[in-house]
Amino acid sequence: MPRSEMMIEKGLTLVDAINEALYQEMERDDRVVILGEDVGLNGGVFRVTDGLQKRFGPDRVVDTPLAESGIMGTAIGLAMAGMRPVPEIQFEGFLGPAFDQLVNHAARYRTRSRGAITVPMTVRVPVGGGIHAPELHSDSPEAIYAHQPGLKVVMPSTPYDAKGLLTSAIRDPDPVIFFEPKRVYRSFREHIPEEEYTIPIGQAKVVSEGSDITMISWGATVFQCLEALDQLPEDVSVELIDLRTIDPIDEDAICQSAEKTGRVVIVHEAPKTCGLGAELATIIQERCFLHLEAPVQRVCGFDTVMPYYKLELEYLPDAARIVEALQQVAAY
Amino acid sequence: MPRSEMMIEKGLTLVDAINEALYQEMERDDRVVILGEDVGLNGGVFRVTDGLQKRFGPDRVVDTPLAESGIMGTAIGLAMAGMRPVPEIQFEGFLGPAFDQLVNHAARYRTRSRGAITVPMTVRVPVGGGIHAPELHSDSPEAIYAHQPGLKVVMPSTPYDAKGLLTSAIRDPDPVIFFEPKRVYRSFREHIPEEEYTIPIGQAKVVSEGSDITMISWGATVFQCLEALDQLPEDVSVELIDLRTIDPIDEDAICQSAEKTGRVVIVHEAPKTCGLGAELATIIQERCFLHLEAPVQRVCGFDTVMPYYKLELEYLPDAARIVEALQQVAAY
Amino acid sequence: MPIKTVYNAQIEHLQILDETGKLDDKLAKDTLTDEQVSYLYEQMTVCRQLDEVAFRLQRSGRMGTYPQNKGQEAAAAGSGFAAKKGVDFLVPCYRENLALFLHGLPMHYVLLHWMGDERGNQIPEGVNITPISIPIGTQMLHATGIAWAFKLRKEPRVAVTYFGDGATSEGDFHEAMNFASVLQVPCVFFCQNNHWAISVPREIQMNSETVAQKAIAYGMPTIQVDGNDLFAVYKASRDAIERARSGGGPSFIEAVTYRLGDHTTADDARRYRDQKEVEMWAARDPLVRLRKYLEKKDLWSEDRQKRLEERAKAIVQEVVKTAEGIEKPATDDIFDYTFAGELPAELQRQKATMRTSSLGQRPEQVGLHAVPERA
Amino acid sequence: MPIKTVYNAQIEHLQILDETGKLDDKLAKDTLTDEQVSYLYEQMTVCRQLDEVAFRLQRSGRMGTYPQNKGQEAAAAGSGFAAKKGVDFLVPCYRENLALFLHGLPMHYVLLHWMGDERGNQIPEGVNITPISIPIGTQMLHATGIAWAFKLRKEPRVAVTYFGDGATSEGDFHEAMNFASVLQVPCVFFCQNNHWAISVPREIQMNSETVAQKAIAYGMPTIQVDGNDLFAVYKASRDAIERARSGGGPSFIEAVTYRLGDHTTADDARRYRDQKEVEMWAARDPLVRLRKYLEKKDLWSEDRQKRLEERAKAIVQEVVKTAEGIEKPATDDIFDYTFAGELPAELQRQKATMRTSSLGQRPEQVGLHAVPERA
Ligand SMILES: Cc1ncc(C[n+]2csc(CCOP(=O)(O)OP(=O)(O)O)c2C)c(N)n1
Ligand SMILES: Cc1ncc(C[n+]2csc(CCOP(=O)(O)OP(=O)(O)O)c2C)c(N)n1
Ligand SMILES: [Mg+2]
Ligand SMILES: [Mg+2]
């Protein structure tokens, strides 16, 4: 769709960027179909698919019945039969009913059929807390899907990355979960290329270079990290890495930085225990053991159920907690 | 049920021990009900519930329709209404359809209702590979459930532990997942007390003491670890810890050992990435950083889909791989 | 016989009070007394007022997302009233506030819930309901389990569970219906078919002529009722509940109604539905219909209406005050309800330090400010 | 009208060839030719032989768990034959081997699968089936999706999916049926009601009189057929498939049959079911019935039967030889099909080293045999 005045002038939000990638991929490849709850006329509850049904018709942008396993399972069937489905799950909490189809079917079909049958689909899922939503609308389940072999997991934090990664995901011959940090959906705008482009899945990005501490994050907490850097009183040079892809992990990027700094802080919203932070910390101690000057430090959600919104900001890692961690790691 | 001749003479298998705990808890507390596929007349596909329907009747040992979410969801309802349900999921692969009820409901009810409504239930699930089963009958999903706050996760490896931990689980006021390593179901017998006893959830066990390397495992791989110790040519003193409870993790036990030895190997069947090994390794480097002489080493399943049985022994950690890891950690 | 009919079924539709406020006296026999009708009309009016105020609270930033019940009050009232308070158990979603209030839930609990406060779910002792449920279609399994417990303990109690037309598409709906029927538990499945699931109309939610016929799949008694007709809803619910109580097993009720408001305050229904449809249903508003009936029977007056409206406002104002007067929960609450009894050590540590990594939280690590020698 | 009937439904049962081998000629018109019947009888016999041999392979430790199809061959044959080979798409579970063979799957693939070898799922180009499916009730959603793709691309093709009576209890069954009906995709849902789901009889799997009536919930055409009657199965399947092909949407077929063997080789059905029931159904064996019919029509003889049995033995022997002759897969196969294209670095490392921890796998770490100075 042609960009609006606002987009031309002020740039695109994350929502706009995703919408543009969907639009361009649907233009480019008529095997791409969107399915999900309220994705059609309503344009999705976050308006991410706004205008697409109008442009591509109700056969390619399909309002499904209210059933996440149904959405995932039929998307798998569509993909097996040569389409490029892009199912939307309305909130990450509702991945639950679709878990079995995703983990036990989508993720395994290539392996179990020794390549005879494949599932090229991209599952879009808004993720994370901080928007004052009701329960089960604020979780961060990325580690669960990273644990499952056969899935790729992506979580961009900027409009530029979102457009390029979503384009890659849709073109990927295997299932990709594309997590969209809803706290960032409309939090800022960015000028990004209008023409299509891709960003390879599996490459982290150095947001800001530094030499004393490596800080790794992804999704919405990247911005809490940036806030922390602003607040950091000491003269500490922090290298901030936005993972962008959750799985496969860009081990080289994080280890290179960890070897340089010898001190690492990892920040994520999901509960600590068995979160992705544990995997990253373990990789770093495996590969950079002799370079580490301090234990790898995690700043995560607590090992409690994500609270309702009155307490969500106490739960989510914020700049203050991140600053404290940076200071402690620096001083270790 | 009175013990058989065989049991009196040669001891109990893991299956026998679980059956005995179920029997005794059902005798003791008439709120305890068993539900699941084929658990009744058939006694479960592994015969774990053998004889219980005969003894306690079809109202307390219930063959349900073939629907795991239904089993989990109605068990939650039973528990909310004051019963002590012990649902069985026939194989860990079929936890998939029950995932949502387990993670988004059972795990959260106490927190979301601020204690007004609770879910005292024990979900029994055979787990793990190595028995030449069909696909989706050999996975190890414990890390996924450890990641979810509000659930306790247990995995005993011996008849003695199984009986005591299952008894604790059934009496626990909160939901517990009780994973039963099927490879161990009938692999050996052990003499255990006939009277009821409990083992506290959350306590690891030192299987064999040692001073050079700490080795941590749980479930069936504990026996691969023991095999490795037998094969270890060098004169290395290994402390083997059987975690027994996956969540909450007995951090003190593992850190105490790690501080003593400075070298740690973790062994599990699940895929490496975001497996429980990552959490353990991270805890150890956080708490024992200054004591570590080598990176914590993981011996796990690969980050691939669990293969069908012709290749399952290549996939599963075996004594050879464990020995190699021990040697490398010792030599680091 | 090579072709034979092996099964037959039909679905009945029940209406007692029509849109003009005319009552079918024969069918209405032994249903609601005049007094009960007036009482329920008043309760419905208070609920409508709560909806209006809740909407404004959200708009002014004093509350999060809120789903209005507007237009569906008769369904909640008739069914909730048919269940025995203090005995039966309600397992709701979020569009039957009135049923919860009728069973003793203090009104401010609902506001607290939508204000992002779990204490709105901390159901008081003796109130037999589960909290408002956000994930669609999952709670009916809990209702089946609760009813099962009643059956096992031989208690003459019934679980009534509420859900929308959209919820019937979820797999859990199917499993709940099947378990309930196989186990013959005392559970009533009450579907508020309000024609929409956010922007998805009933016709693309399902391809069946009625929602009620879904129960045929389970061999379960089923009926379609005019959901904006308090009498029909009450009668069908009472019959189903009493059948369940007396060992007759579960039933399904489709209450045909309409969501007069947006899906929630986060929604704008004009994007996807026709104003004409809304107007048509506004004419069938259960409150309007009931008032017509009461007026016809000379049980109501302009004056009573005015006083009721004022009272409703006062009540709701008080409720808002109560909800807003409750202090923000303590941060400790994040931790304290994760498990019964003493928290596991790591959770205690997280709670005490508000930290997730143990670095810096242990005596031997605190205060280390230089790179130490290796141990 | 205050009480009115708003929906009516009935379920028909179809039988064409009865248990004595007598055919209803009128109903049989335009179904199967003599030649086709003989051909399918032969195929069914080969399949029965495969079952016997597979059982022995398992017992002698040469194969893992195996589920016999015994008793259900007519259901697989009639439906599989009704679908167009090379055009339509079968989405099976595990109890319709013959349907797969009729669509071109080499027989040894099935053995390979049960020998724990993924290459048994590596369906050859041009064979339009998905592999045998172990998790119950999940594959019908894939069939719906495949049929949906056919509809979107305007291809005159149909997906036929198989599942058991037990599978209808899963939520995914419900969602697949609903999606298929709402989207009006060309999909045929073929339920082999063999009366048991392992040890659970149909009556405690569901409380409905028929399985067929489950389709009423979705407004989907549905029929119950004698599943041991090749003609009835063929006719119902063909009608449903051709209706789907010509844009008439999905259908449901309940084939009433019986599992004559144990659930799998890991099961002992004597623990939970009555031998009398088994005997009653053995008398309805689809092979016996078909042979009676062929004999009545003078299309069969003792001699042909003997030759067929010998041929079946020879064929199956060859199939076993092929399956057992296939070498153990390479260990690399564990890794190589995880993703298309080049493996991610970490997986390459795991594959190259058969190790999961990077310790010792990197040049600078290999060979470190003393505790080094810290960097
Ligand atoms: C499992 C799940 N999927 C999706 C949603 C998002 N969602 C919230 S309400 C709703 C529509 C519900 O429709 P219906 O069941 O008809 O109830 P109504 O809102 O009309 O009362 C959806 C899709 C959810 N809350 N839960
Ligand atoms: C999701 C799931 N749950 C449980 C099982 C274990 N299981 C294997 S076959 C079976 C019974 C299947 O019954 P039915 O659908 O009637 O098919 P049949 O075996 O009778 O052909 C069960 C419970 C499974 N494979 N998948
Ligand atoms: Mg609705
Ligand atoms: Mg069956």
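Worth saying up front: this structure is predicted, and the values here are computed from it rather than measured.
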Visitor: Tell me, for A:Asp59 versus chain D, whether the close heavy atoms (under 4.5 Å) come from the side chain, the backbone, both or neither.
Guide: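 Interface part for A:Asp59: both.
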Visitor: Find out whether D:Thr138 and A:Gln101 are in side-chain contact, i.e. whether some heavy atom of one side chain is under 4.5 Å from a heavy atom of the other.
Guide: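 They are in contact (side-chain heavy atoms under 4.5 Å apart), so the answer is yes.
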Visitor: Name the option with the most non-hydrogen atom pairs under 4.5 Å to chain D; the candidates are A:Ile283, A:Asp30, A:Thr111.
Guide: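 Looking at each option in turn, the highest pair count goes to A:Thr111.
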Visitor: Counting C-beta onward and ignoring hydrogens, is there a side-chain heavy-atom pair between D:Trp148 and A:Leu35 closer than 4.5 Å?
Guide: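 Answer yes - side chains close enough.
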Visitor: For A:Arg114 and D:Asp333, what are the C-alpha separation, side-chain angles and deciding distance, and is it a side-chain contact (heavy atoms from CB on, under 4.5 Å)?
Guide: CA-CA 8 Å; A:Arg114 289 293 182 252; D:Asp333 285 3; 3.9 Å; yes
Visitor: To the nearest 0.5 Å, what is the distance between CZ on A:Arg31 and CG on D:Leu152?
Guide: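 Between A:Arg31 CZ and D:Leu152 CG, I get 13.5 Å after rounding to 0.5 Å.
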Visitor: Check the pair D:Gln139, A:His105 against side chain to side chain donor-acceptor pair (under 3.5 Å), reporting the backbone distance first and the verdict last.
Guide: CA-CA 9 Å; D:Gln139 76 280 13; A:His105 299 273; over 6 Å; no
Visitor: Is the shortest heavy-atom distance from the side chain of D:Leu183 to the side chain of A:Thr74 under 4.5 Å?
Guide: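 Sidechains of A:Thr74 and D:Leu183: no contact.
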Visitor: Do D:Ile146 and A:Met80 come close enough that some side-chain heavy atom pair is under 4.5 Å?
Guide: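 They are in contact (side-chain heavy atoms under 4.5 Å apart), so the answer is yes.
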Visitor: Name the member of A:Thr282, A:Leu151, A:Ile117, A:Asp174 that forms the most heavy-atom pairs with chain D at distances under 4.5 Å.
Guide: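 It is A:Asp174.
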Visitor: Using non-hydrogen atoms only, which part of A:Pro248 is less than 4.5 Å away from chain D: side chain, backbone, both, or neither?
Guide: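 Contact with chain D: side chain only.
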Visitor: Kindly compute the distance separating CD (A:Glu286) from OG (D:Ser358), expressed to the nearest 0.5 Å.
Guide: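 These two atoms lie 4.0 Å from each other.
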Visitor: Which atom names give the shortest non-hydrogen contact between D:Thr338 and A:Gly150, and what distance separates them?
Guide: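 Result for this residue pair: CG2-N, 3.8 Å.
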Visitor: For D:Ser133 and A:Arg112, work out which heavy atoms get closest and say how close.
Guide: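 Scanning both residues completely, I find the closest heavy atoms to be CA-NH2, 4.1 Å.
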Visitor: Report, as yes or no, whether the 6.0 Å neighbourhood of atom NZ on D:Lys328 holds more than 12 heavy atoms from other residues, nucleotides or ligands.
Guide: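 Buried by this count: over 12 neighbours within 6.0 Å.
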Visitor: Just give me the residue among D:His174, D:Glu118, D:His113 that pairs up with chain A most often, heavy atom to heavy atom, under 4.5 Å.
Guide: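 The residue among D:His174, D:Glu118, D:His113 with the greatest pair count is D:Glu118.
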Visitor: Is any side-chain heavy atom of D:Tyr337 less than 4.5 Å from a side-chain heavy atom of A:Ser113?
Guide: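 No, too far: nothing below the 4.5 Å cut-off.
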Visitor: Less than 4.5 Å to any heavy atom of chain D: does that hold for the side chain of A:Asp172, its backbone, both, or neither?
Guide: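 A:Asp172 has no heavy atom closer than 4.5 Å to chain D.
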Visitor: Relative to chain D, which of A:Pro65, A:Pro173, A:Ala116 shows the most heavy atom pairs under 4.5 Å?
Guide: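 Highest number of pairs under 4.5 Å: A:Pro65.
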Visitor: Under a 4.5 Å heavy-atom cut-off, does chain A meet the side chain of D:Ala176, its backbone, both or neither?
Guide: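 Contact with chain A: none, neither part.
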Visitor: At a 4.5 Å cut-off on heavy atoms, which part of D:Leu343 comes close to chain A: side chain, backbone, both, or neither?
Guide: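 When you check distances to chain A, no heavy atom of D:Leu343 falls under 4.5 Å.
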Visitor: Could you tell me which non-hydrogen atom of A:Ala81 sits nearest to which non-hydrogen atom of D:Arg153, and how far apart they are?
Guide: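 Looks like O-NH1, 2.6 Å.
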Visitor: Considering all heavy atoms of both residues, which atom of A:Met83 and which atom of D:Ala149 are nearest to each other, and what is their separation?
Guide: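 Shortest heavy-atom contact: CG-CB, 3.7 Å.
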Visitor: Which of the residues D:Thr130, D:Leu347, D:Val91 is involved in the greatest number of heavy-atom pairs with chain A at under 4.5 angstrom?
Guide: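 Sorted descending by pairs with chain A, the first entry is D:Thr130.
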Visitor: Check A:Gly73 against D:His142 and note the closest heavy-atom contact, atom names and distance.
Guide: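 Shortest heavy-atom separation between A:Gly73 and D:His142 comes out as O-CD2, 3.5 Å.
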Visitor: Look up atom CG in D:Leu141 and atom CG in A:Leu78, then write down how far apart they are to the nearest 0.5 Å.
Guide: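 It comes to 11.0 Å.
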Visitor: Does any heavy atom of chain A fall under 4.5 Å from the side chain of D:Gln122, the backbone, both, or neither of them?
Guide: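 For D:Gln122, backbone and side chain are both near chain A.
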